[in-house]
Colleague: 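Can you keep this structure in mind? I'll have questions shortly.
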Number of protein chains: 2
Amino acid sequence: MVRPREFNEEQALDAAMQVFWEKGYEATSLSDLTSRMGIQKPSIYSAFGDKKALFETALRKYNQFHASSVRSRLQNKPSVKEGIRAFFEGLIDEEYGGQPNRGCFCINTMAELAPHDEKFEILTREHQMYLTVIFQETIERGVRSGELAIGLNPKALAQTLVVFLIGLTVMMKSRPDRLFVQNSVESVLALLN
Amino acid sequence: MVRPREFNEEQALDAAMQVFWEKGYEATSLSDLTSRMGIQKPSIYSAFGDKKALFETALRKYNQFHASSVRSRLQNKPSVKEGIRAFFEGLIDEEYGGQPNRGCFCINTMAELAPHDEKFEILTREHQMYLTVIFQETIERGVRSGELAIGLNPKALAQTLVVFLIGLTVMMKSRPDRLFVQNSVESVLALLN
DNA sequence: ACAATTACATACCGAACGGTACGTAATTGT
DNA sequence: ACAATTACGTACCGTTCGGTATGTAATTGT
């Protein structure tokens, strides 16, 4: 150990995550990054590698955070159906409450980079698969407890809900009338009956 | 009228649409455009305005084409439910058949530009609203014909299907196992029972 | 024939891009 | 005290960006 870093790496990475989340990969410049991270370009390169490597590190951090957030919002809820409903309605509340709209970093990346970069195709797909497992386990819990019908197919339902979740997140970027997305959530929940 | 254009504007616009569709707004450079459109930069500027104006014109053209394509795939099908199923399965077939994956130009734009540019927020939203009407009319036709139950809410169902359509399109950019998306389609169609 | 107007290609503009060389300051072990 | 190593800021690299000025070729009406 010689001279220690003067900046906090976690903090800088967090700032980078915010910028990439907000603007996407292409639209984010290195000067956007230096100003928001509070460090200069050579520090970025020595600590995180080039722009794409930094982006990947930021996305991985986001995915971890996001997965545990989804998990905590779906698990340990008394009613599975109400838990899922509250999950979707929470997303809507977030997007329609004042603050600007950045959606989900992973979904943004799926749209922007996955078709042109296999690394991100895999990274984003794996995250969606992980979310699907969380939904599936939640639905299975509801079936076991008797809240949900035995005839349901938890895996297929979880896949549908993840697809719906992606659609809801992207759709809200165009800021449709709030009733539009609320209706669609209410309607898709009928699948759990 | 003096000297006539040497290039075909429709053809050039079509080429621009393909590039923007494939790469998005930010990742498309003017030299990408000139090489694919077969004309030089000053010709682009005199015929279509700047990069963003060209993008908007290309997107409007896409939306017209896309809306009529969706309309023709949903209307005049003997069975409404089978028509909708064939519609989604057709999307899956397209995406998993050889060719590279570009999704839907309007959805790509919703993800990339809508949050940062009100013009595209509106443009993309209006297209989704238009698609919703097509779905709604299709479902209403099924209810009238007796194929679908009277208790259904065609508007809410249409909204759900549009959200699902967006999710399906974006999800496929990460190239999940084909069964994933097929299951999710089969599962969401249960809403029509 | 010729003036007027438009289209086109070339060549260029300043600015911003992603990325790095380099000199200096700071910290360590010896 | 000093050699070794790392961090940092500045200043710079070549390239590409979006966009345009300019000169010339082509077409028209008169």
Side-chain angles (χ1 to χ4, degrees), chain A residues 1-60 105 108-109 112-113 116-120, chain B residues 1-60 105 108-109 112-113 116-120:
Chain A
M1 176 71 154
V2 282
R3 181 179 171 182
R5 286 252 152 77
E6 289 177 8
F7 63 93
N8 179 320
E9 288 191 37
E10 277 313 308
Q11 217 169 301
L13 179 57
D14 213 76
M17 183 183 89
Q18 304 289 337
V19 188
F20 281 132
W21 185 357
E22 189 178 311
K23 310 187 65 166
Y25 179 75
E26 290 287 349
T28 297
S29 71
L30 280 183
S31 52
D32 290 330
L33 290 168
T34 55
S35 67
R36 293 273 291 265
M37 298 170 81
I39 59 180
Q40 305 299 325
K41 284 189 277 184
S43 300
I44 294 181
Y45 279 82
S46 72
F48 304 105
D50 68 11
K51 188 187 174 190
K52 207 144 209 170
L54 172 58
F55 183 89
E56 182 184 345
T57 307
L59 178 57
R60 287 186 186 277
F105 186 15
N108 295 351
T109 303
E112 183 183 7
L113 299 184
H116 310 99
D117 189 325
E118 194 184 358
K119 176 175 281 173
F120 292 102
Chain B
M1 176 71 153
V2 281
R3 179 178 172 181
R5 286 249 152 79
E6 289 177 9
F7 63 93
N8 180 319
E9 288 191 37
E10 275 314 308
Q11 218 170 301
L13 179 56
D14 213 76
M17 183 183 90
Q18 304 290 336
V19 188
F20 281 132
W21 185 357
E22 188 179 313
K23 310 186 65 166
Y25 179 75
E26 290 289 347
T28 297
S29 71
L30 280 185
S31 53
D32 290 330
L33 291 168
T34 56
S35 67
R36 293 272 291 265
M37 298 171 79
I39 59 180
Q40 304 300 324
K41 285 189 275 183
S43 300
I44 294 181
Y45 279 82
S46 72
F48 304 105
D50 68 10
K51 187 187 174 189
K52 209 145 208 170
L54 172 58
F55 184 89
E56 183 184 344
T57 305
L59 178 57
R60 287 185 185 276
F105 187 13
N108 295 351
T109 303
E112 183 184 8
L113 298 184
H116 308 99
D117 189 325
E118 195 184 357
K119 174 174 282 173
F120 291 102

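Residue numbering restarts at 1 for every chain, and letters A, B, ... go by the order of the sequence lines.
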Colleague: Mind checking whether A:Arg36 and A:Glu22 have side chains closer than 4.5 Å, heavy atoms only?
Modeller: yes

Colleague: Heavy atoms under 4.0 Å, any strand shown: does A:Thr28 hit a base, just sugar-phosphate, or nothing?
Modeller: sugar-phosphate

Colleague: Quick one: B:Leu30 CG to C:dC13 C1', roughly how many Å, whole number?
Modeller: 14 Å

Colleague: Looking only at side-chain atoms of B:Ser29, point me to the closest of D:dC17, D:dT20, D:dG19.
Modeller: D:dC17

Colleague: Round to a whole Å and report the spacing from CZ of B:Phe7 to C1' of C:dA7.
Modeller: 9 Å

Colleague: In Watson-Crick or G-U wobble terms, both distances under 3.5 Å, what is the partner of C:dT10?
Modeller: D:dA21

Colleague: For the pair made of CD1 in B:Ile44 and C1' in D:dC17, what is the distance, rounded to whole Å?
Modeller: 14 Å

Colleague: Can you tell me how the ring of B:Phe20 sits relative to the ring of B:Phe105, calling it parallel under 30°, perpendicular over 60° and tilted otherwise?
Modeller: parallel

Colleague: In whole Å, I'd like the distance from the NZ atom of A:Lys23 to the C1' atom of C:dA16.
Modeller: 13 Å

Colleague: Could you please name the partner base of C:dG29, counting Watson-Crick and G-U wobble pairs only when both distances are under 3.5 Å?
Modeller: D:dC2

Colleague: Rounding to an integer number of Å, can you tell me how far A:Tyr45 OH sits from D:dT6 C1'?
Modeller: 20 Å

Colleague: Any sub-3.5 Å donor-acceptor pair from B:Asp14's side-chain atoms to B:Gln11's backbone N or O?
Modeller: no

Colleague: What is the distance, rounded to the nearest whole Å, between atom CZ of A:Phe48 and atom P of D:dA7?
Modeller: 12 Å

Colleague: Kindly point out which of D:dT20, C:dC17, D:dG19 is positioned nearest to the side chain of B:Pro42?
Modeller: D:dT20

Colleague: Starting at atom NZ of B:Lys51, determine the distance to atom C1' of D:dT20, rounded to an integer number of angstrom.
Modeller: 17 Å

Colleague: How far apart are the closest heavy atoms of B:Tyr45 and B:Asp50, and which atoms are they?
Modeller: CE2-CA, 3.4 Å

Colleague: Hey, does the side chain of B:Ser46 come within less than 4.0 Å of C:dT6's phosphate (OP1/OP2), counting only N and O?
Modeller: no

Colleague: What are the two closest non-hydrogen atoms of B:Leu113 and B:Tyr25, and how far apart are they?
Modeller: CD1-CB, 3.9 Å

Colleague: Side chain of B:Lys41, heavy atoms from C-beta onward: which of C:dG18, D:dT10, D:dG19 has the nearest atom to it?
Modeller: D:dG19

Colleague: Between C:dG18, D:dG9, C:dC17, which one does the side chain of A:Ser43 approach most closely?
Modeller: D:dG9

Colleague: Starting the side chain at C-beta, find the nucleotide from C:dG18, C:dA9, D:dT10 nearest to A:Gln40.
Modeller: D:dT10

Colleague: Can you tell me the distance, in whole Å, between the CD atom of B:Glu26 and the C1' atom of D:dG18?
Modeller: 11 Å

